[in-house]
Amino acid sequence: MAARASICFPQVTLETPRLVLRAFEPGDLPDVAAVGADELTQRWLQLPRPYTEEDARAWCLGVVPAMRASGMGVHWALVERAAGRVCGGMGLNRTDWGALVTEVSYWVGPWARAGATHRRRSARLPTGCSGTRGFERLELRAATGNLASQRVAEKASFTREGVLRNAGYLHAGRVDLVVYSLVRGDPPPVAR
């Protein structure tokens, strides 16, 4: 087993001209709570109902730092520079250090859903960070009914591999998941 320091994700800030991915802060909690309570977010993510600011606090300031410190994953607040407001979140989850594989996840607030530009750009941002950690494979999974997430994965240059039958659970029950991947050596994304 690798030494603890070698499996802990560094706390880094990732930036593009329009977006900043940074650690969650206490001031983000109202926006995170609003996204968590959103009907569409609740449809595709298994979150508490109702989703409150206390749920946001537990996630952003408790679970996320613990995941990073343990090496299981890392999550960032997705902040739109122009608005200075959290418009979503991005993370690496279910990290398997032995296989050098991790899963990309994200969510976007209803005020930032017009078009997939933020989602597509943010889906590729962690590849810079993960590449420095030596990952061989990034995975992205979306429920078969979540066509918007599937479009984001494809526009971010992830390759669709197939369907994992009965592999996910949502409030509505069991669902099939489409799995996408990005592996070391894949060509960079095409500007769209």
Side-chain angles (χ1 to χ4, degrees), residues 8-45 47 51-69 73-93 95 102-133 135 138-142 146-158 180 182 186-192:
C8 179
F9 281 98
Q11 186 62 64
V12 297
T13 299
L14 306 172
E15 300 185 39
T16 73
R18 295 175 65 186
L19 300 171
V20 177
L21 268 72
R22 59 159 172 75
F24 286 100
E25 301 171 352
D28 300 334
L29 300 180
D31 285 337
V32 173
V35 176
D38 172 66
E39 184 178 332
L40 188 58
T41 303
Q42 285 277 329
R43 179 177 180 192
W44 298 120
L45 297 178
L47 298 173
Y51 194 86
T52 67
E53 196 164 313
E54 282 308 308
D55 294 314
R57 178 179 308 285
W59 168 254
C60 295
L61 305 180
V63 174
V64 168
M67 285 179 66
R68 187 186 71 75
V74 61
H75 287 261
W76 298 273
L78 177 60
V79 180
E80 186 177 26
R81 283 184 191 275
R85 178 181 185 188
V86 170
C87 61
M90 167 66 55
L92 300 176
N93 308 288
T95 303
T102 193
E103 182 180 338
V104 175
S105 65
Y106 62 90
W107 46 267
V108 177
W111 54 88
R113 288 189 188 134
T117 303
H118 289 338
R119 294 184 300 254
R120 181 178 69 247
R121 288 185 178 135
S122 64
R124 280 303 289 239
L125 275 172
T127 61
C129 176
S130 64
T132 64
R133 303 297 294 171
F135 284 105
L138 298 177
E139 293 182 350
L140 193 153
R141 298 175 185 202
N146 191 343
L147 301 179
S149 279
Q150 292 176 53
R151 283 191 300 273
V152 168
E154 291 163 2
K155 289 182 177 183
S157 300
F158 281 74
Y180 291 86
L182 189 64
D186 279 351
V190 176
R192 298 175 195 216

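Note that these values count all heavy atoms, side chains included, but never hydrogens, waters or copies made by symmetry.
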Can you confirm whether [X] sits close enough to [Y] that some side-chain heavy atom of one is under 4.5 Å from a side-chain heavy atom of the other?
X     : Y      : result
Cys87 : Trp111 : yes
Val20 : Leu14  : no
Cys60 : Leu29  : yes
Val35 : Tyr51  : no

Residues pairing under salt bridge (Lys or Arg N to Asp or Glu O under 4.0 Å) where one sits in residues 35-44, two or more places apart or in two chains, turn out to be Asp38-Arg113
Side chain to side chain contact (heavy atoms under 4.5 Å, CB included) with Trp76: which of Leu19, Val64, Leu92?
->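 The passing option is Leu92.
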Under the side-chain hydrogen bond (donor to acceptor under 3.5 Å, both in side chains) rule, collect the residues that match up with [X], sequence neighbours excluded.
X      : value
Thr52  : Asp55
Gln150 : Arg160
Glu139 : Arg137, Arg141

Distance-only polar pair, side chains of Ser149 and Tyr106, donor-acceptor under 3.5 Å | yes
Which residues share a side-chain contact (heavy atoms from CB on, under 4.5 Å) with Ser105, sequence neighbours left out =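 Applying side-chain contact (heavy atoms from CB on, under 4.5 Å) to Ser105 gives His75, Asn93.
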Counterpart residues, side-chain contact (heavy atoms from CB on, under 4.5 Å), relative to Asp28 (two or more places apart) | Arg22, Phe24, Glu25, Val32, Ala77, Val86
When rounded to the nearest 0.5 angstrom, what distance separates [atom1] in [X] from [atom2] in [Y]?
X      : Y      : atom1 : atom2 : answer
Leu140 : Glu103 : CG    : CD    : 7.0 Å
Asp186 : Ser157 : CG    : OG    : 8.5 Å
Arg85  : Leu78  : CZ    : CG    : 12.5 Å
Glu15  : Leu21  : CD    : CG    : 9.5 Å
Met90  : Trp107 : CE    : CH2   : 10.5 Å

Determine, step by step, whether Val152 and Phe158 satisfy the side-chain contact (heavy atoms from CB on, under 4.5 Å) criterion, reporting the C-alpha distance in whole Å, the side-chain angles of both residues, the deciding distance to 0.1 Å, and the verdict.
-> CA-CA 9 Å; Val152 168; Phe158 281 74; over 6 Å; no
Any idea which heavy atoms bring [X] and [Y] closest together, and the distance?
X     : Y     : value
Pro65 : Gly62 : CD-O, 3.3 Å
Pro26 : Pro30 : O-CD, 4.3 Å
Arg81 : Thr16 : NE-O, 2.9 Å

Are Tyr180 and Leu138 close enough, and set up right, to give a side-chain contact (heavy atoms from CB on, under 4.5 Å), and what steps lead you there?
-> CA-CA 8 Å; Tyr180 291 86; Leu138 298 177; over 6 Å; no
Ionic contact status for Glu54 with Arg57, cut-off 4.0 Å | yes
